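Note that ligands are numbered from 1 as they come in the structure, with each ligand's atoms numbered from 1 the same way. The figures here come from the full heavy-atom set of this structure, side chains too, leaving out hydrogens, waters and symmetry mates. As the structure is a prediction and not an experimental result, all values here were calculated from the model.
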Amino acid sequence: MSAHPRVVSLPQAATDAVPRHVALVMDGNGRWARQRFMPRFFGHKAGVDALVRAVNLFAERGVEYLTVFAFSSENWKRPTEEVSGLMSLVLVAVSKYLGKLAGDGVRIRIVGDRSAVSDKLRQAWEQAEAQTRHNTRITLAVAFNYGGRWDIVQACRQALAEGIAPEAFDEAYLSSHMALSFAPDPDLFIRTGGEMRISNFVLWQAAYSELFFTECLWPDFGVREIDAALGAYAQRDRRFGGIRPPAVAQGA
Ligand code: FPP
């Protein structure tokens, strides 16, 4: 046996107490509204307010990227009224909050298939991205008409179109063609609303994300829940498939 045990070095984030990138499924708007005898749209509206609060709280705690699931590729299955309500809510949210988010140093990026959304919505996204592109405090990536499988397929399509040789095609190449290529992989994946599913969100990128599920309904997600999630993350032992080096090896 070697006198010098081989120590597998761990990626940087393994020792970081604050996640660089948080992925967030904002679930529970409908139930939150129902508890108040209000239509589902009321819950989504409160969800936007909760999101604007959360972006600033995450930024204050040092999170650099926040990716939120605002509309999934599967959400088209909802009643037409709810789908069009969500679309118009985005337009209202952009006009109500873009100035504030821009002033707060938030860089906005939209990830997802833009081909199926209206010109008006596409233009609103473009305006939000253009107006905030030089901000550096936190990046808010809004996943809209997004699905993890869609992302993998669209990245492969780009690779095929580029004519890459099979032996040159690897994980780094695929990652660089994915919608979230501008961000590190999420360190922490949070889902509110009590369900414990990934639901086709950041499928490729969440390979080593720490998972945090809470019963809290999205519009109620505030400072207490954010600190609970970040506190739980700080306790996790991230190994990325490696092992913790034995104490004797650490000083070697
Ligand atoms: C899930 O709750 C929530 C959604 C499908 C939409 C989330 C969207 C927002 C918070 C608005 C985001 C807007 C912008 C501008 C980014 P649900 O409806 O599935 O709730 P339920 O599980 O209680 O029915």
Which pairs of N or O atoms, one from ligand 1 and one from the protein, are separated by less than 3.5 Å, and what is the distance for each pair?
from	atom 1	to	atom 2	distance (Å)
ligand 1	2 (O)	D27	OD1	3.3
ligand 1	2 (O)	G28	N	3.3
ligand 1	2 (O)	N29	N	3.4
ligand 1	18 (O)	R40	NH2	2.7
ligand 1	18 (O)	R78	NH1	2.9
ligand 1	19 (O)	D27	OD1	3.1
ligand 1	19 (O)	R78	NH2	2.8
ligand 1	20 (O)	G28	N	3.3
ligand 1	20 (O)	N29	N	3.2
ligand 1	20 (O)	G30	N	3.0
ligand 1	22 (O)	D27	OD1	3.0
ligand 1	22 (O)	R31	NE	3.4
ligand 1	22 (O)	R31	NH2	3.0
ligand 1	23 (O)	G30	N	3.3
ligand 1	23 (O)	R31	N	2.7
ligand 1	23 (O)	R31	NE	2.7
ligand 1	24 (O)	R40	NH1	3.0
ligand 1	24 (O)	R40	NH2	3.2

### Task
Please work out whether the ring planes of F240 and Y208 are parallel, tilted or perpendicular, with thresholds of 30° and 60°.
tilted
### Query
Between Y146 and F201, how do the two ring planes meet: parallel, tilted or perpendicular, split at 30° and 60°?
perpendicular
### Query
So, D237 and R239, do they make that salt bridge, N to O below 4.0 Å?
yes
### Note: R114-E129 ion pair, threshold 4.0 Å (strictly below)
yes
### Query
Is the closest basic N to carboxylate O distance between R191 and D27 below 4.0 Å?
yes
### Task
Examine R36 relative to F42 and say whether NZ or CZ is less than 6.0 Å from the centre of the six-membered ring and inside a 45° cone about the ring axis.
no
